[in-house]
Amino acid sequence: MLGAALVSATACGRRADTGPVVVSAVERHDPKVGASLSPIQGDGGMPHRLLRDSLAQGLVRFDANGQIEPGLAERWIVIDDGGSYIFRLRDTKWNDGTPVTAEQVVAILRRMVAGRSASPLAPFLTAIDEIVVMTPQVIEVRLSRPRPDLLKLFAQPEMAIIDRSRHGTGPFRIIRSGVPLMLRPIVDPRRADPDDDDAPSPEDDVALFSESAARALLRFSQGRSDAMLGGRFSDWPLLDQLRVSPAAIRVDPAAGLFGFSIANRDGFLADPANRQALSALFDRQAILSAIAPNWEATDRLLPDTLDSDAPPQVPNWALLTLDARRAAARARVVAWGQPVALRIALPRGPGANLLYGQIGAALLGVGIIPERVAPDAPADLRLVDAVAPFDSARWYLAMACAPCGDAARIAIDRARLAPTLAERSAAIAAADAAVNSDVSYIPLARPLRWSLVTNRLRQYQANSRAWHPLNRLRADTN
């Protein structure tokens with residue numbers, strides 16, 4: 001029924017700048033109609049992360065451009081080449097009106113670091129050695145190894161400071177539970193006008209829906225929302241069924257990974273030469289063009305040099321023609337001497353259907369039998385579709401090494417444990433070469449992240465983090 005409604009939906013008109021900003025955040029974990037959101041307990045999806053970011057701040061946070069801005073810390077300094085971070089906290093209060101203290105912030109941060117296994121950021125927090133209170137307003141984060149990129153980790157919603165009573169510090173508070181969840185800005189005492197009553201206007205409120213991409217698209221197309229946030233490749237073909245102004249479609253220049261990890265190293269995939277032949281046989285640009293226009297392909301793991309001291313590794317087959325690459329893959333399948341079948345783990349959605357059609361046809365063309373399985377099912381190839389939380393080559397290498405061979409894993413560990421920035425850069429370059437030789441990952445593109453946005457949201461900015469804080473959409477509320 002929803003598909004039929006999508007086909008008949010009319011284009012959304014220009015929404016007047018009255019009433020709350022209505023936002024649909026796409027939920028990908030079997031969203032249930034009418035389900036309520038929690039800032040504490042969630043699946044880590046877009047709606048949960050947006051809500052956590054709205055109700056609580058980390059020491060720093062991301063602005064509309066995906067750049068670092070103050071959060072609980074009003075300023076900071078980095079010393080010892082990224083070996084120590086000193087933060088001066090601003091005067092602020094929990095949502096219940098009690099003051100935030102340095103002791104509370106340090107205790108919460110220590111629990112986050114101690115509970116590393118619960119967070120996707122866990123592998124990248126291991127350098128934190130100690131978090132201490134220096135003065136009632138100053139804390140220090142001491143590292144065992146220099147990490148100049150730590151601020152971008154601290155800006156992630158997962159690092160927002162929430163106390164045991166589930167109090168945050170804004171920029172919003174919940175004024176109505178249910179569906180949608182209604183959020184209202186907390187008055188920032190640094191900006192409050194003593195001659196004003198400090199009451200936010202209805203236009204400063206945000207009504208937040210957590211729903212499937214199809215429902216979010218339908219809501220936007222009918223003019224009942226101001227934004228749909230969290231679009232991915234799997235949803236993009238749904239736009240063909242809607243009459244949405246092209247000006248409303250905003251694509252983020254997202255940094256990250258989109259490709260297949262080699263999830264199983266038994267049988268045909270045990271040989272790195274076979275894995276390399278598999279990576280080489282795909283016509284990347286044709287695959288991506290079948291899903292979305294102007295989606296640029298890539299054949300390498302790293303998007304740039306980043307913090308490596310060498311350019312990104314290029315696969316050995318990059319200069320060969322597609323016909324030559326496919327002939328080599330077909331020869332390796334024939335030489336294997338028995339049927340080769342590969343299970344491909346993909347999410348649901350029309351974009352994923354198109355991706356499987358392209359990948360499956362390419363595999364069949366060289367004699368490999370494809371089988372599509374669920375994202376969490378046992379698989380031989382598993383889709384990786386992730387935005388990089390910070391700009392370090394080590395994130396890309398660690399994500400690609402799932403699993404990888406001993407040599408590549410040891411090289412990545414050496415990069416993680418390097419005691420100086422110079423040694424770290426050299427170790428990262430060596431790890432990139434090791435992962436490239438190991439062929440543990442098949443790169444296809446960078447992640448496709450997009451939103452639908454009305455002209456009402458004047459502060460919305462596409463950015464490489466694909467992150468759009470709710471207090472940076474319509475106006476600078478806090």
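If you're wondering where the values come from, they're calculated on a predicted model, not measured in any experiment.
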Contacts satisfying side-chain hydrogen bond (donor to acceptor under 3.5 Å, both in side chains) that involve residues 428-440 (not counting sequence neighbours) are Arg265-Asp438
TODO: May I ask you to say whether Arg284 pairs ionically with Asp299, meaning some side-chain N is under 4.0 Å from a carboxylate O?
DONE: no
Can Asp53 and Leu470 be said to form a side-chain contact (heavy atoms from CB on, under 4.5 Å), step by step?
CA-CA 8 Å; Asp53 181 74; Leu470 299 183; over 6 Å; no
Pair Ser212-Glu27, side-chain donor/acceptor within less than 3.5 Å = no
Between the OG1 atom in Thr420 and the CD atom in Glu423, the distance rounded to the nearest 0.5 Å is 3.5 Å
Just so I know, are the side chains of Val439 and Ile262 near enough to count as touching, which here means a heavy-atom distance under 4.5 Å?
no
(request) Hey, can you tell me if Phe154 and Phe87 have their rings parallel, tilted or perpendicular (30° and 60° cut-offs)? (result) tilted
Q.
I'd like to know whether Trp467 forms a side-chain contact (heavy atoms from CB on, under 4.5 Å) with Leu50, so could you lay out the CA-CA distance, the side-chain angles of the two residues, the decisive distance to 0.1 Å, and finally the verdict.
A. CA-CA 9 Å; Trp467 184 247; Leu50 273 173; 3.9 Å; yes
Does the Lys NZ or Arg CZ of Arg394 fall within the cation-pi geometry relative to Phe124 - under 6.0 Å from the ring centre and within 45° of the axis? no
Other residues, nucleotides, ligands: >12 heavy atoms within 6.0 Å of Glu296 CD: no
For residues 248-259, the side-chain hydrogen bond (donor to acceptor under 3.5 Å, both in side chains) pairs (sequence neighbours left out) are Asp252-His468
Gly367 backbone acceptor or donor facing Arg330 side chain under 3.5 Å:
no
Margin query: Any non-hydrogen side-chain atom of Leu229 less than 4.5 Å from a side-chain atom of Trp450?
Written below: no
- Parallel, tilted or perpendicular for Phe268 and Trp336, by the 30°/60° rule? perpendicular
Check: Is there a donor-acceptor contact under 3.5 Å from the side chain of Gln285 to the main chain of Trp295?
Finding: yes
Side-chain touch Val453/Asp226, heavy atoms, less than 4.5 angstrom:
no
Practice problem: Determine, for Arg52 against Glu158, whether the closest basic-nitrogen to carboxylate-oxygen distance falls under 4.0 angstrom. | Solution: no
Exercise for the section: Show your reasoning for whether salt bridge (Lys or Arg N to Asp or Glu O under 4.0 Å) applies to Arg145 and Asp81. Expected result: CA-CA 10 Å; Arg145 304 175 295 277; Asp81 291 327; over 6 Å; no
Residues 395-413 vs side-chain hydrogen bond (donor to acceptor under 3.5 Å, both in side chains), sequence neighbours excluded, gives Asp406-Arg409
**Prompt:** Going through the checks in order, is the side-chain contact (heavy atoms from CB on, under 4.5 Å) test met by Phe282 and Leu363?
**Reply:** CA-CA 8 Å; Phe282 297 114; Leu363 293 175; 3.9 Å; yes
* Asked: Can you check whether Leu381's main-chain N or O pairs, donor with acceptor, with Asn264's side chain at less than 3.5 Å?
  -> no
When rounded to the nearest 0.5 Å, the distance separating CH2 of Trp76 from CG of Leu150 is 12.0 Å
Separation between CG (Asn294) and OG (Ser289), nearest 0.5 Å, reads 8.0 Å
Of all heavy-atom pairs linking Tyr441 and Leu301, the shortest is CD2-CD1, 3.8 Å
Check: So, do Ile131 and Tyr85 sit near enough that their side-chain heavy atoms are less than 4.5 Å apart?
Finding: no
Under the side-chain contact (heavy atoms from CB on, under 4.5 Å) criterion, do Val251 and Leu448 qualify, and how do the steps go?
-> CA-CA 7 Å; Val251 178; Leu448 178 61; 4.1 Å; yes
Practice problem: Give a yes or no answer on whether the side chain of Arg382 reaches the backbone of Pro375 with a donor-acceptor pair at less than 3.5 Å. | Solution: yes
Query raised in the report: Counting only N and O atoms by type, is there a donor-acceptor contact under 3.5 Å from the side chain of Ser425 to the main-chain atoms of Asp307?
Result: yes
Salt bridge (Lys or Arg N to Asp or Glu O under 4.0 Å) filter on Asp271, not counting sequence neighbours, yields Arg332
For the backbone of Leu269 and the side chain of Arg275, can you confirm whether one donor and one acceptor N or O come within less than 3.5 Å of each other? yes
Any heavy-atom pair between the side chains of Gln67 and Arg465 that's under 4.5 Å? no
The reported gap from CG in Leu218 to CD in Glu211 (rounded to nearest 0.5 angstrom) is 8.5 Å
Sequence neighbours excluded, the answer for salt bridge (Lys or Arg N to Asp or Glu O under 4.0 Å) partners of Arg88 is Glu74
Taking the side chain as every heavy atom from C-beta outward, state whether Leu109 and Ile139 have any atom pair closer than 4.5 Å.
yes
Please tell me if the side chains of Leu217 and Met228 come closer than 4.5 Å, counting only heavy atoms from C-beta onward.
yes
| message | Quick test of your reading of the model: are Asp380 and Arg343 salt-bridged, counting only N-O distances below 4.0 Å? | response | yes
Heavy-atom nearest pair, Leu364 first then Ile369, reads CD2-CA, 4.3 Å
Rounding to 0.5 Å, atoms CD1 (Ile412) and CE (Met399) come to a distance of 11.5 Å
| message | Tell me if a side-chain donor or acceptor on Thr321 pairs with a main-chain N or O of Ala324 at a distance below 3.5 Å. | response | yes
Heavy-atom closest pair (Ala434 atom, Ala411 atom, distance to 0.1 Å) is CB-CB, 4.0 Å
**Item:** Over 12 foreign heavy atoms within 6.0 Å of CG, Asp80
**Value:** yes
The complete set of side-chain hydrogen bond (donor to acceptor under 3.5 Å, both in side chains) pairs with one or both residues in residues 357-378, sequence neighbours excluded, reads Asn353-Arg372
Please say whether more than 12 non-hydrogen atoms of neighbouring residues, nucleotides or ligands are located less than 6.0 Å from CD1 in Ile77.
-> yes
- Query: Does a side-chain heavy-atom distance below 4.5 Å link Asn463 with Asp63?
  - Reply: no
task = Consider only side-chain N and O atoms of Ser279 and Gln276, and report whether a donor and an acceptor are under 3.5 Å apart.
result = no
_Polar contact flag, side-chain donor to acceptor under 3.5 angstrom, Ser464-Arg449_ = no
Tightest non-hydrogen contact, residues Arg28 and Gly230, listed as NH2-O, 2.8 Å
For Ala227 and Leu457, the nearest pair of non-hydrogen atoms, with its separation, is CB-CD1, 3.6 Å
- Task: Kindly determine whether Arg472 and Glu69 satisfy salt bridge (Lys or Arg N to Asp or Glu O under 4.0 Å), including the steps that lead there.
- Result: CA-CA 12 Å; Arg472 296 289 187 265; Glu69 69 173 1; 3.0 Å; yes
message: I'd like to know if Arg446 and Asp304 make a salt bridge, using a cut-off of under 4.0 Å between side-chain N and carboxylate O.
response: no
Interatomic distance, CG@Leu281 vs CZ@Arg326, rounded to 0.5 Å, equals 6.5 Å
Tightest non-hydrogen contact, residues Ala254 and Pro447, listed as CB-O, 3.8 Å
